[in-house]
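A short worksheet on the structure shown next.
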Amino acid sequence: MIKVTLKDGKVLEFEGPVKAEEVVKKIGMGLYKAAMAVKIDGEVFDLMTEIKNDCSIEVLTFDDEDGRWTLRHTASHILAQAVKRLYPKVKLAIGPAIDTGFYYDFDADFSITPEMLETIEKEMEKIIKEDLSLERFELPRIEAIKFMEDLGESYKVELIKDLPEDAVISFYKQGEFTDLCAGPHVLSTGRVKAVKLLSVAGAYWRGDEKNKMLQRVYGTAFTKKSELEDYLKMLEEAKKRDHRKLGKELDLFSIHEEGPGFPFFHPKGMVVRNMLEDFWRKEHTRRGYKEIKTPIILNEALWHQSGHWDHYKENMYFTKIDEMDYAIKPMNCPGGILVYKNSMHSYRELPLRMGELGLVHRHEISGALHGLMRVRCFTQDDAHIFMTPAQIKDEVLGVINLTDYVYKLFGFEYHVELSTRPENSMGSDEDWEHATNSLREALEAAKLDYKVNEGDGAFYGPKIDFHLKDCIGRTWQCGTIQLDFQMPERFDLNYIGEDGEKHRPVMVHRTIFGSIERFIGILIEQYAGAFPTWLSPVQVKILPVTDRANEYAKQLEAKLKDMEIRVELDLRNEKIGYKIREAQLEKTPYMIILGDKEVEAGNVSVRSRKEGDLGSMEFDAFIEKIKEEIDKKISNI
RNA sequence: GCCGGCUUAGCUCAAUCGGUAGAGCAACUGACUUGUAAUCAGUAGGUUAUUGGUUCGAUUCCGAUAGCCGGCUCCA
């Protein structure tokens with residue numbers, strides 16, 4: 001007798017071994033139809049799995065992340081099967097499910113064109129219609145290798161050979177097509193009700209640029225056609241929030257062929273920038289930071305000493321002054337260190353928090369550039385904290401809290417990563433371990449969930465990274481906290497301790513916004529260009545209905561300017577509807593409409609970009625309203 | 001940097017089979033004095049990214065370069 005415990009605590013009993021799908025059928029046929037996979041004692045399995053012992057079971061549908069991944073993984077096999085049917089010579093690499101769908105990497109001696117995707121998609125539809133059952137089987141290592149060798153699938157052979165000795169090597173077969181795969185998969189190809197191929201892109205085999213570039217086909221799959229359509233619509237909508245598009249439309253910034261990756265900020269973009277910087281300064285002053293500014297060009301020798309020459313040269317720009325070699329700074333730390341070294345420091349001064357809005361230049365490869373998100377020059381809202389080892393945890397915690405405060409203000413959801421020692425790095429293992437553990441402790445003290453990113457730290461220390469999402473869900477690293485024992489050593493930094501002796505301080509390099517440019521890019525997408533009033537380039541537009549209201553409009557404009565409210569007056573000889581439409585498209589938070597009635601009553605008619613016509617009110621009442629919104633930095637998207 | 005795609009007026013986009021480019025918006029001029037998302041009329045605007053080739057003739061076909069877009073790699 002086998003007892004299967006369901007999620008709600010109910011227990012089903014079976015005479016002997018039973019397939020998971022039979023258990024699900026017994027729960028209900030509706031659920032069976034929606035089931036993608038099952039979780040048996042917390043682990044995900046196929047529905048065709050045979051249950052031999054007592055266990056607890058949870059049915060996974062498309063609404064569960066694991067269920068979704070199962071369906072999409074099967075969709076990727078359908079893609080591979082379709083490609084093999086149409087182009088038998090193409091070799092298969094890997095084809096996993098991803099957050100938004102799935103992909104499959106192919107090695108073909110021809111280019112897969114967007115037109116071919118349509119053909120492949122049709123073949124996929126056929127395979128779905130054939131409703132082929134998926135069968136799982138295992139092979140011993142030698143046979144598995146032989147199996148794939150016979151099929152000429154050299155990438156699969158390599159994959160098998162790299163599996164650990166004791167690994168179970170499983171295959172999934174659907175019709176004439178068999179793929180090496182750990183699973184799980186849905187019962188049959190017919191379960192994939194809606195599938196769409198989205199794009200082709202190059203991808204290196206195993207993600208290594210030294211390897212051959214394969215062709216990656218991206219797609220997505222759903223259990224309902226309507227879900228697919230909704231998703232595609234959502235993607236279209238999301239693209240309208242793209243900061244590159246909005247940046248142009250709202251005249252915030254531009255990037256020119258004359259300077260790829262070097263953005264130009266226009267007057268309206270500068271307002272956003274300056275407001276962010278003002279806010280940044282206030283928050284940092286409040287938290288005991290001092291501000292410095294260090295030069296952009298410094299002698300190359302400094303960069304030898306810092307280790308950048310050995311570890312970061314490829315990303316740096318160089319120049320000559322009077323036959324001497326200089327470098328354009330890619331980071332602010334060496335400059336900050338020179339400031340620290342400029343005077344003696346007592347333990348009483350520590351922690352010393354030195355902020356710098358520093359413009360850095362980095363040579364990013366051309367293919368990496370992306371609007372304001374990845375550029376070749378950007379301003380880091382940097383700070384270097386010099387401290388005693390005992391102060392590490394509190395200081396790191398302080399930065400974590402500040403970051404959380406700032407991100408919450410903008411309504412961002414973020415995720416955190418802890419990056420550990422990379423290959424090309426400097427310092428002893430002990431230092432790295434100490435530094436990494438300190439960061440880990442701070443994260444745990446802050447009760448933050450985080451993901452470990454092995455080998456992704458800076459060359460001088462491990463780091464905590466804060467990632468924010470853009471309009472289509474790509475994440476970008478913004479805030480970072482990097483712990484550094486190396487620079488203090490290299491630059492022989494010290495402070496005088498209580499004992500009157502010299503001691504080595506520890507350094508934290510940290511940013512909150514990360515780069516002002518990237519942060520603005522994220523902000524634009526977060527708000528779809530409709531900045532909260534405190535950040536809006538223009539906060540109020542005054543729109544006279546006829547020129548009889550012009551004088552009154554000018555008076556109000558002057559008053560608003562006096563109160564440091566950013567105002568524009570539209571005196572053009574246009575209809576009020578036209579002026580409103582334009583102000584709305586510019587995403588101006590408030591419009592003041594002035595006609596004969598307002599002139600006579602001495603009040604204002606207010607329109608909000610969000611709520612439309614608010615009716616007439618006293619000018620002072622409007623001032624109070626907008627002032628409060630600005631002071632409290634209310635996000636009225 | 002790599003793979004694929006794209007590049008036509010300031011912006012968004014047309015142009016049949018290869019026959020030297022057209023619209024809307026914006027700009028400018030004029031009329032209209034207007035009440036909560038586009039008033040009307042007119043004017044001007046282009047070496048079709050650059051460059052080489054094929055052709056009697058290239059926006060169109062082929063090559064190179066640059067930039068951009070989607071990924072890979074890399075990273076704030």
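Note that this is a predicted model, so its numbers are computed, not measured. Every chain is numbered from 1 and lettered A, B, ... according to where its sequence line falls, protein lines coming before strand lines.
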What's the gap between B:rG1 and B:rG53 when it is taken at their P atoms, as a whole Å value?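 To the nearest whole Å, 27 Å.
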When the C1' atoms of B:rA21 and B:rU16 are considered, how many whole Å apart are they?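 Approximately 14 Å lies between the C1' atom of B:rA21 and that of B:rU16.
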Nearest nucleotide by nearest heavy atom, which residue falls closer to the 5' end of RNA chain B, A:S111 or A:I472?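 With A:I472 and A:S111 compared, the 5'-side residue is A:S111.
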Treating A:S536 as the side-chain partner and A:F531 as the backbone partner, does any N or O pair qualify as donor plus acceptor under 3.5 Å?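 Flag set: sc A:S536 to bb A:F531 pair under 3.5 Å.
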Using a distance-only criterion (donor-acceptor N/O pair, under 3.5 Å, no hydrogens), is the base of B:rG35 paired with the side chain of A:E598?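 Present.
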Polar pairs (N or O, both sides) under 3.5 Å between protein and nucleotides 60-68 of chain B?
residue	atom	partner	partner atom	Å
B:rA66	O2'	A:E257	OE2	3.1

When all nucleic acid strands are considered with a 4.0 Å heavy-atom cut-off, which category describes [X]: base, sugar-phosphate, or nothing?
X      : answer
A:R216 : sugar-phosphate
A:Q584 : base
A:M591 : nothing
A:K597 : base
A:R206 : nothing
A:D596 : base
A:G207 : sugar-phosphate
A:E249 : nothing

When you measure from the side chain of [X], which nucleotide among [options] comes out closest?
X      : options                : answer
A:R607 : B:rC72, B:rU36, B:rC74 : B:rU36
A:H370 : B:rC72, B:rG70, B:rC74 : B:rG70
A:A203 : B:rA38, B:rC72, B:rA76 : B:rC72

Is any side-chain N or O of [X] closer than 4.0 Å to OP1 or OP2 of [N]?
X      : N      : answer
A:K245 : B:rC69 : no
A:Q477 : B:rA76 : yes
A:R474 : B:rG71 : yes

Under a 3.5 Å limit for both distances, which nucleotide forms a Watson-Crick or G-U wobble pair with [N], could you say?
N      : answer
B:rU7  : B:rA66
B:rC61 : B:rG53
B:rG45 : none

Is it true that the side chains of A:T533 and A:E629 contain a donor and an acceptor less than 3.5 Å apart?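 Per modelled atom types, A:T533 and A:E629 side chains form a pair under 3.5 Å.
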Hey, are A:T379 and A:R273 close enough side-chain-wise for a donor-acceptor pair under 3.5 Å?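 A donor-acceptor contact under 3.5 Å links the two side chains.
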Apply ring pair (Phe, Tyr, Trp, His ring centres under 6.0 Å) to the pair A:F262 and A:H256, showing each step before the final yes or no. CA-CA 8 Å; A:F262 300 115; A:H256 304 257; over 10 Å; no
Check: A:H415 ring centroid to A:Y450 ring centroid under 6.0 Å: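 For A:H415 and A:Y450, the ring centres are not under 6.0 Å apart.
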Sorted by number, the residues of residues 541-550 of chain A with heavy-atom contact under 4.0 Å to RNA chain B: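 When residues 541-550 of chain A is checked for heavy atoms under 4.0 Å from RNA chain B, the hits, listed by number, are A:V545, A:T546, A:D547, A:R548.
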Quick check for you: to the nearest 0.5 Å, what is the distance between A:L560 atom CG and A:R566 atom CZ?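 Output value for this atom pair is 12.0 Å.
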Min side-chain heavy-atom separation A:F106-A:L92 under 4.5 Å: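 In contact.
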Stacked cation flag A:R362 on A:Y317, 6.0 angstrom / 45 deg: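 No, a cation-pi geometry is absent between A:R362 and A:Y317.
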Between N or O atoms, less than 3.5 Å apart, protein on one side and nucleotides 23-28 of chain B on the other: list the pairs.
residue	atom	partner	partner atom	Å
B:rA26	OP1	A:Y578	OH	2.7

